[in-house]
Amino acid sequence: MRQGIAETVSVPVRKQVFRAQGITRVYRTGTVEVRALRGVDLALNEHEMVVLLGASGSGKSTLLNILGGLDLPTEGRVFFRDRELTRASDAQLTAFRRDHVGFVFQFYNLVPSLTARENVALVTEIARNPMTPEEALDRVGLAPRMDHFPAELSGGEQQRVAIARAIAKRPDVLLCDEPTGALDSKTGIQVLEALYEVNRDLGTATVLITHNAGIQRIAHRVVVLADGQITRDEVNATRVLPSEVSW
Amino acid sequence: MRALDRKMLRDLRRIWAQTLAIALVLGCGIMVLVGAQATQRTLEQSQAAYYERHRFADVFAGVTRAPASVVQAAAQIDGVAQAEGRIGFNAVLDIDGMQEPAMGRVISLPADGPALNLPVLRRGRLPAPDRPQEVAVSEPFAEVHGLVPGSRFRGVLNGQLREMQVTGWVLSPEFIYAMPPGAIMPDDRRFGLIWMNESAAAAAMDMGGAVNEIALRLTRDADERAVIAALDRLLDAYGGTGAHGRDRQVSHAFLDGELQQLGAMAAFLPPIFLIVAAFLVNMVLGRMIALERAQIGLMKAVGYGRAQIAGHYLKLAMLIGVVGIALGWGFGWWIAEAMIGLYGDFFRFPFIIRDFGAGALVISAVLGLATVALGGLRAVWASLKLPPAEAMQPPAPPQYARGRLDRALTLIRLRQTTMMIFRSIIRWPGRAAITLFGVSASVALLVMSYFMFDAVERLGESVFEQANRQQVTLMLARAQNERAVNDALTLPGVRMAEGAYAMPARLVNGHRSRLTALQGHYPDAQLARLIDDAGVVIDLPAEGLVLPQMLARALEIGAGDMLRVEMLAPPREVLDLPVAAVIAQGLGQEAHIAAPALFAAMRTAPQVNMIHLMIDPDRMADLNSAIKETPAVASLANWAEVRRQFDATLSENLLTMVAIYTLIGVLIAIGVVYNAARIQLSERSYELASLRVLGFSRGEVGFVLVGEIMLLTLVAIPIGWVLGYGLAQGLAAAMSTDLMQIPFHITRRTFALAALAVFLAALGSVLMVRRRLDRVDLAMALKARE
Ligand SMILES: Nc1ncnc2c1ncn2[C@@H]1O[C@H](COP(=O)(O)OP(=O)(O)O)[C@@H](O)[C@H]1O
Ligand SMILES: [Mg+2]
């Protein structure tokens, strides 16, 4: 990727949401050093749905967490619009996550002691211009099961609650780390449909991590990571609907 | 309600047992603080108000006989606000339904009403001035014997049998603690106070126009020592037995001693309980919140700030703290009520002024909240510092190291489940240390609590079984020739008789002086012996005095020094005697001397005024009736009865206290162990469930959990013994007063009971948690991880 500032300015229609420049992330545990990312450059445009593919351990989650302000790179810079996240304080990162980012994780990470509606409310209560929890849940087709606790919901339903929770604040970007990883094909497709519709209807820029290559066809663009480096970055000529994905 | 608050309430409900366990541990610490403070303050306030409202005197003096005009003279002494004279004497009483004689202390009521030491009328009325047979009696004595107004009883007053009629029940600030002469504790059945018209008392004792007791109330700025010296000079000519302040007034001295001990306990025990509780709560709450790290990570991920998250857990911790404080206050109040009730059996107050000590409430609340807040924040902080992405991951598998200890364990070829226990302890030494500390702290608290029982038992043993082996002591009306001992042998049922001589005395060393008694011991005494704290019988040296340590210290005197002994009863001699030895004797306050040496110094023939008896217990009744008819005997002390009372009191009061402390110690053990086990279960549920999946039985898997905690408990017990030993030593020092030195001696029973109670509490708690292990959903436990 060779995206300089000049280029960014010259494409006014497709504004960039994220821009990562030469990011490297090294984990140290004891004496072991793991280089999870080695000099990654990436830009994410508005309204875009990007699928991030790669083998397990290739650094996908690390990249996503850095984009979402959950983690900081060891080297390199990350911009959200014109703000540099790599220079932000903890409080600024917190505000950034609260106002602009929605997360969906593989293991849902719902608060077990809160109902579906309350899990969404957890976020809407601190967001600036949120939808109601009911509206968010309705979007993912879970309005009828609003008052159930996580333990009373299936995996797919729990993941859709997590999506509702992520979109309820009307985020600028939606970052999803293997949201279908723990699901079977049928429920997985339901979850993908929810994400697809959010991207289509609300125009939320979405990054979707998966190691299921079949899913890449629903994206505008596909980025492939291998061993901490981007090996492929292509725009899909044609997209398919989630229901047409072969699992 | 905000979603976060709802989460908190639901979390609290889910872990209610853990929450309650933590709150209980905290509550225990607070309960002891609040309870002890409230008891002490209430008794102190009640005492102060009672003294004030009923004009308790400041200075007391006895004389053989003085003209009533001496009271006027005493009132003139600089610093005296008010003076009162009266007649007081002992009487042997014959009460219906009571085989043995009771002891009475008769007190005269001035014709125009008492001005000091005002009796509190509880029932009926005071004797009418023109009815000499009418008397008011002390309430506890009247209650025991059912002496209602109108009842009659007989007494030997100055050698004459007289009938008296009860008009009312009375309490007095002078006799809050009513000790019979020569006894070591109050005895409501065998000792009564009798208020009688002055004219009747004077007639009975041939004391017309005379008094033998003087009480003074001082002005605010009076110099008590100067007043006492002046009064002593004034009364010297009338056979003064030494004026003294409240500090030597029996009831006041005992009440004060008790308050002092209570104060020492309130200052010593509660901080230990509270610190232990605070520490445990801090640790346990910390572990509990540490388990929430994934949720903390999530909250950070969705945009909650540090302050908000910390605030959330702070609220949770505070809520637990508030529950603990409420429990502590409630139980503290209850314990104070119970203690005040117990004290009410000994200390007779007409009213109780409750003071729950706002200070203790505030301190305990602040400490309680600070404790939970710190514990909570410390844990939240650790999770907050993690990047949210990492916090949401389950913690990385712990790194088990193969240290030297591990290799040693491998060598002895333990079962793999046993290895898991050892590895887990080695891997999380911090967690093991918390459990270890908590359990050993409860053992230590129990050792300290049971030690009090040991101490009192030991005191009783040394008083009753070693020092005083006589069953009965006869107090003679006046000193007699040694032959009286032989006469006593002719009394019915007497098997052995032994004479002794005791005399009230003032010991003076320069400007230091002490009112006490001088005991003359005859050689080869077998019944009443001088015993030191180690239980060794002291053979009195042929010359000179033997003083207990505390008395010697108070007089700043040592072996070899000369001590002036002023006898305060006829023959009222002043002797200068060498101090031959100082002995370790906790309960003793008296000076001892060999009788031959004493009478040689007095240049008189040997005398006795007490006779100790061994008797045939079956003939006690005959002895009692013979003594009722022997005027030479002023009173009788039945040691078997005293012992019985002592044991009854011991079992009643002390057992209540011991039960309370056991409860507290056990609650702390439960709080620690239950939480430790629950945290273990959550942290290792994956591991334990994996074992089940691999085909281990429930019992085998449970063993990993139960085994680790019980192993830690077993290690903690000896540590607790050592800690408890130290605490008990501190407690003994803190509770020793001028009147009583607490002997430091811990029985094996105490160590064993403390260990057993804690062991059972730990086992019960961990088994309760083990039951949850059976309910763990294997599939869920395994799925919870990648
Ligand atoms: N917190 C961490 N500590 C140490 N190593 C980590 C940590 N997180 C990820 N890694 C390592 O970084 C590499 C990339 O991890 P990750 O980004 O999670 O990969 P992916 O999501 O593509 O499977 C892996 O080798 C992983 O073991
Ligand atoms: Mg990943």
Side-chain angles (χ1 to χ4, degrees), chain A residues 25 27 29-30 32 56 61-62 64-66 68-72 89-115 117-128 133 149 151 155 162 165-166 168-169 171 175 177-178 181-182, chain B residues 1-16 19 291-313 316 381 384-401 682 777 779-786:
Chain A
R25 178 66 164 97
Y27 290 110
T29 34
V32 195
S56 179
S61 299
T62 305
L64 195 81
N65 290 341
I66 289 174
L70 289 181
D71 198 0
L72 287 171
S89 67
D90 185 76
Q92 286 167 328
L93 279 180
T94 300
F96 159 68
R97 291 194 300 263
R98 186 177 60 215
D99 296 336
H100 303 289
V101 190
F103 286 102
V104 179
F105 306 99
Q106 179 180 2
F107 292 105
Y108 334 132
N109 286 60
L110 299 180
V111 177
S113 55
L114 294 179
T115 62
R117 191 211 306 255
E118 290 159 356
N119 261 287
V120 179
L122 191 64
V123 171
T124 57
E125 278 168 2
I126 55 167
R128 249 191 225 156
F149 283 98
R165 184 177 65 188
K169 67 169 84 154
L175 303 177
D177 192 347
E178 304 206 30
Chain B
M1 204 192 305
R2 316 253 317 177
L4 267 188
D5 292 333
R6 219 168 284 156
K7 159 177 161 12
M8 177 177 72
L9 290 182
R10 296 220 181 100
D11 285 348
L12 276 178
R13 202 184 316 150
R14 179 172 52 84
I15 52 164
W16 67 268
T19 306
L291 288 177
E292 294 254 311
R293 62 178 246 168
Q295 297 196 21
I296 292 173
L298 171 79
M299 281 189 253
K300 274 185 89 173
V302 302
Y304 279 90
R306 286 183 180 195
Q308 270 171 307
I309 299 172
H312 169 68
Y313 285 98
L316 179 102
W381 193 244
L384 275 179
K385 271 192 315 196
L386 290 177
E390 204 177 324
M392 275 185 295
Q393 301 282 319
Q399 295 209 319
Y400 288 93
S682 350
D777 180 342
M780 284 283 279
L782 293 181
K783 218 163 61 182
R785 281 232 190 163
E786 263 175 292

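Only a predicted model underlies this, so the values are computations on that prediction, with no experimental measurement involved. Side chains are part of it too, since the values below use all heavy atoms of this structure and drop only hydrogens, waters and symmetry mates. Note on naming: letters A, B, ... go to the chains in the order of the sequence lines (proteins, then strands), and numbering restarts at 1 for each one.
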A/Glu118: partners by side chain to side chain donor-acceptor pair (under 3.5 Å), with sequence neighbours left out: A/Thr115, B/Arg6, B/Arg10
Chain A contact via B/Leu4 - which portion, at a heavy-atom distance below 4.5 Å: both
Per-residue contact mode, A/Asn119 against chain B (heavy atom under 4.5 angstrom): neither
Portion of A/Phe105 that has a non-hydrogen atom of chain B nearer than 4.5 angstrom: side chain
Contacting moiety of A/Tyr27, where chain B heavy atoms sit under 4.5 Å: neither
Inter-residue atom distance A/Lys169.NZ - A/Arg98.CZ, 0.5 Å rounding: 9.0 Å
B/Ile309 side, atom CD1; A/Thr94 side, atom OG1 - distance, nearest 0.5 Å: 7.5 Å
Options A/Val120, A/Asp90, A/Asp99, ranked by heavy-atom pairs under 4.5 Å with chain B, top entry: A/Asp90
Contact class of B/Arg14 relative to chain A, heavy atoms under 4.5 angstrom: neither
CE on B/Met299 to CD on B/Glu292, rounded to 0.5 Å: 7.0 Å
Part of A/Arg165 lying under 4.5 Å from any heavy atom of chain B: side chain
Separation of A/Leu72 CG from A/Arg25 CZ (nearest 0.5 Å): 8.0 Å
Among the listed options B/Gly305, B/Ala307, B/Gly303, the residue most often paired with chain A at heavy-atom distances under 4.5 Å: B/Gly303
Interatomic distance, A/Leu64 atom CG to A/Phe103 atom CZ [nearest 0.5 angstrom]: 6.5 Å
